[in-house]
Amino acid sequence: MKVREAALGSEDLRALLADVSAHALAYRTAASTRPHCPARDYQELRAAFNQPTPERGAHARAVIAELAALAEPGLANIIGPRFYGWVMGASHETGVAADWLVSAWGQNVGNAHATPAASACEEAVTCWLLDLLDLPRESSVGFVSGATLANFTCLAAARGEVLRRVGWDVEADGLFGAPPVHVVLGEEAHSTIFSGLRYLGLGAKRVLSVPSDDQGRMRPDAFKRTIEKLEGPVIAIAQAGHINAGSFDAFPEIAEAAHAKGAWLHVDGAFGLWARACPDRAHLARGLELADSWGVDGHKWLQTPYDSAYAIVRNAEAHRRAMLIAASYLPAGEDRHPADYTPELSRRARGFATWATIKAMGREGIAEMVSRHCAIARGIAERLSAAPDVAVLNDVVLNQVAVCLGPEMDVAKADALTARTIARIQREGVVFVGGAHWRGRQIIRISVCSMNTTEADVGASADAILSAWRAERDA
Ligand SMILES: Cc1ncc(COP(=O)(O)O)c(C=O)c1O
């Protein structure tokens, strides 16, 4: 019995890659006209994928054809021009092409000895990122899967360093018996910050939570009062780009108060950090360079394919101490080993896709896109707030718009209508928006983050949202 397919011959391989290329081409070229919501829901997809474990191998081309046929009806059109759900980039085609090569090369990037090209590429991209984001050039960068892991990695470095300064080696001795570490953050910190604190044994609930203002910014006076009272190791966490409002904390004041106390200041800048790469938005993130670490995504505003994010740490030694993976079978030495800066040993060579995306867009392309997205967000906000029973709750300084429908209505009624309006908008597929609870209301969240969105989408987006709202309101 034949139990294993031999490797494909070159003709079969050529045909297989041509099939993949044809699928990708058809998918991507239809993105501007395809509805933004998936055609089928989760239960339908579950049923479709529910097959018995394969007993015999199948031909590669048949496998890929079946995968595409099964999956495509359940894909959201995230690369479409009017996909405003969550904060999602559109997977730049050059980055995607680079990622195909990465898969074909089959590299495991943990160690520079095994994959010198991947390691050297990450080192070069480190310099580009620090330049584009204008962060301290001595910082180290870990190439991780998302901002969740970027924040986690930075906070691990923070935990190690603030404890080391009081004579405790957390990497060796853990947290049992360690001096307590105070964590100070804004009450509207992103939920994944709390995940990182949980993973690090710092606890999601034992934080000191600082009140925020009506834009979700941590109040600097309250931050100062909170941190002044503390004794011992302190980690402070600020935010660049609030998930609903796109607002920025007051970094100069926060950094001054944090450093007066010897605290480590971390900034969650999952998407907002990219304001620094855009001359007409950089003022929003002024003073952020004074922090000690920064988490930022590539797969959001930089448009790299998933998954891609960067853990940036000013104190490279603290970063390395927190993440170092050493074993006698792993070559050490002077070279930069990517696994020394991330929580993973074996992983994908993420640096290549970032390299290719930055190369394709250039500093000017990134700045133009960020500026354009912010102008589009303002344009949509203006169109929506011109309607008599629609309000925009945030100052639209970045790419986020928080929309309140029926601001004068009874709150429970308006919230229920808003939830129905979101479902209708998603179903109709012209645009895709998400929702959230913010400032006591159910809101529509609009995140302009796709490289394929242009000024021409402003009118169609606002019209689709308003017509869905009227249909639900008048039903
Ligand atoms: C401010 C902020 N922090 C962290 C995250 C988590 O990022 P990721 O999903 O890439 O892990 C997000 C995601 O939207 C975010 O907006």
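Whatever order the structure lists ligands and atoms in, that order sets their numbers, starting from 1. Predicted model only: the values in this text are computed from it and were never measured. We're numbering straight along the sequence, starting at 1.
Side-chain atoms of E228 and K261, non-hydrogen and from C-beta on, never get closer than 4.5 Å to each other. At a threshold of 4.5 Å between non-hydrogen side-chain atoms, the residues L185 and I193 count as touching.
Below 4.0 Å from some heavy atom of G146 lie the following atoms of ligand 1, by number and element: 10 (O), 11 (O). Within the listing of ligand 1, atoms 16 (O) sit less than 4.0 angstrom from a heavy atom of F271. Those atoms of ligand 1 with a heavy atom of H299 less than 4.0 angstrom away are 10 (O). Of all atoms in ligand 1, listed by their number and element, those nearer than 4.0 Å to a heavy atom of D297 are 7 (O), 8 (P), 10 (O). Shown in contact with A270 at under 4.0 Å from a heavy atom are these atoms of ligand 1, numbered in order with element: 1 (C), 2 (C), 3 (N), 4 (C), 5 (C), 12 (C), 15 (C). Close approach to I243 involves these atoms of ligand 1, each under 4.0 Å from a residue heavy atom: 14 (O), 16 (O).
Remark: side-chain polar atoms of D41 are paired, donor with acceptor, to backbone N or O of Q43 under 3.5 angstrom.
Across all non-hydrogen atoms, the minimal contact from R40 to L45 is CB-CD2, 3.4 Å. For the pair P305 and T357, the tightest heavy-atom approach, listed with the atom from each and the gap, is CD-OG1, 4.3 Å.
Taking atom 5 (C) of ligand 1 as the reference point, the nearest protein heavy-atom neighbour is H190 CE1, 3.4 Å. For atom 1 (C) of ligand 1, the closest non-hydrogen atom of the protein is D268 OD2, 3.4 Å. In this structure, atom 9 (O) of ligand 1 lies nearest to the protein heavy atom K300 NZ, 3.6 Å. In terms of protein heavy-atom proximity, atom 4 (C) of ligand 1 is nearest to T192 OG1, 3.2 Å.
The aromatic rings of W86 and F83 sit tilted relative to each other, their planes meeting at an angle between 30° and 60°.
Distances shorter than 4.0 angstrom do not occur between any heavy atom of W86 and any atom of ligand 1.
Ring centroids of H242 and W438 are separated by less than 6.0 Å, placing the two rings close together. With ring centers used as reference points, Y84 lies 6.0 Å or more from F432. Taking the six-membered ring for Trp, F352 and W105 have ring centres closer than 6.0 Å.
Close N/O approach between V87 and ligand 1 is not found [any backbone or side-chain N/O within under 3.5 Å]. Close N/O approach between N151 and ligand 1 is not found [any backbone or side-chain N/O within under 3.5 Å].
Contacts between T148 and ligand 1, counted as non-hydrogen atom pairs separated by less than 4.0 Å, involve both the backbone and the side chain.
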